[in-house]
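A short write-up of the structure that comes next.
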Amino acid sequence: MTAQLPDPHSPELLTCDVLFSGVGGGYAPGGVVVADGVIAAVGDPEALRARYPHARERRAGAIIAPPPVNAHTHLDMSAYAFQALPYFRWIPEVVIAQRAQRGVAGAERGADELTRLGTGGVGDIVWSPEVMDALLAREDLRGTLYFEVLGPFPEKADELFRAARERLEGWRRKERPGGPRVGLSPHTPYTVSHRLMRLLTEYAAGEGLPMQIHVAEHPAELELFRTGGGPLWENRLPALYPPTFAEVIGRAPEPDLTPVRYLDELGALAGRPALIHMVNVTPEDIGRTARAGCSVVTCPRSNRHLSCGTFPWAAFAAAGVEVALGTDSVASGESLDVRAEVAFARTLYPELDPRLLVRAAVKGGHRVVGTPIQLLRRGEAWHTHYVW
Ligand SMILES: [Zn+2]
């Protein structure tokens, strides 16, 4: 007797808990019919069983979707050892203690890892010109490289802005079709003076340069804008800041002031920067974000590891804000794999529709970093890496 082998030409129905094809809201559960290595149909498994009664059925895995996008990371920290510590210990004990690990070698290692993972695009914060040169030259990287600028002294703003603009113009001449784009990241609303923030965001808005700004990561940031003090101010290196926080932001802190309201009133949201973290925000902040048309990138594992709180995803979704997912650096996020970020988010937000989380990791990410989405639709080749 010979065993009956399945006919390789007969269609196969692959099922999963969540399917996101790149268009629409997705299916839970979902199914993909594949015949001869080509997608024949995607959708609800019941409907597909009715249409393809002879298809062999097999559970493929938890999620079927195009490759996810890592919309916020720091590749130059990819040689760091991961450590979960409260934020105010993590900065000195990890970021500063391992600073010799930061640089081009780490960035190359991180970019290699993104390629190995089959990542669909990246939003990377680039801290040094050498790293920008190295990443901009890579053929396998798609997405946006945001040059990070800091400078809390308003009197140094014009000089810092001129230097940053000169660098950005040089890099933009090296952009290639299909390669990574150059963007700009004013670091945070408390490490960039009001004058520098205005110069950078006006320039980026005028030039159509994509932007990312870290905002409201730790609860102490809210306290700083409300009171002008608290742990964020007490833990700073005093030589690197003006005598008062009011000088950094060009106005007096007040009980109703938040980092988001400050940026909005400064005009810094006009160029629609992607706002990173947004964990410690008020309902008014969420409304401002929606009205400004800004996307938000959340890094759930990093926020948890650094005890920063939980991003209020349901409230942002209800306000219609586009949400994307990032890992942050491996030093706080543990890995560069956005699939692991989605898996963690599913445990963190059991009340949220898992289709929303997968859509954020794919479509939300592509919208933030400006890359085209790979669609799973009839006639496209099937790849096993679509199964997460
Ligand atoms: Zn970051």
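All values below come from the heavy atoms of this structure, side chains included, with hydrogens, waters and symmetry mates left out. Read the numbers this way: they start at 1 and go in the same order the structure lists the ligands and their atoms.
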For the residue pair Arg301 and Gly333, what are the closest heavy atoms and their distance?
-> CZ-O, 3.2 Å
Should we say atom CZ of Phe316 is surrounded by more than 12 heavy atoms from elsewhere, each under 6.0 Å from it?
-> yes
Hey, do the aromatic rings of Phe225 and Phe245 have their centres closer than 6.0 Å?
-> yes
Inspect the surroundings of CD in Glu254 and state if more than 12 heavy atoms from other residues, nucleotides or ligands are less than 6.0 Å away.
-> yes
What is the distance from atom CD1 of Ile213 to atom CG of Leu275, rounded to the nearest 0.5 Å?
-> 6.0 Å
Under 2.8 Å from the Zn ion (ligand 1) - protein N/O/S, by chain and number = His72 NE2, His74 NE2, His214 NE2, Asp328 OD1
Atom pairs and distances, side-chain donor-acceptor, residues 369-376, under 3.5 Å, sequence neighbours left out:
residue	atom	partner	partner atom	Å
Thr371	OG1	His366	ND1	2.7

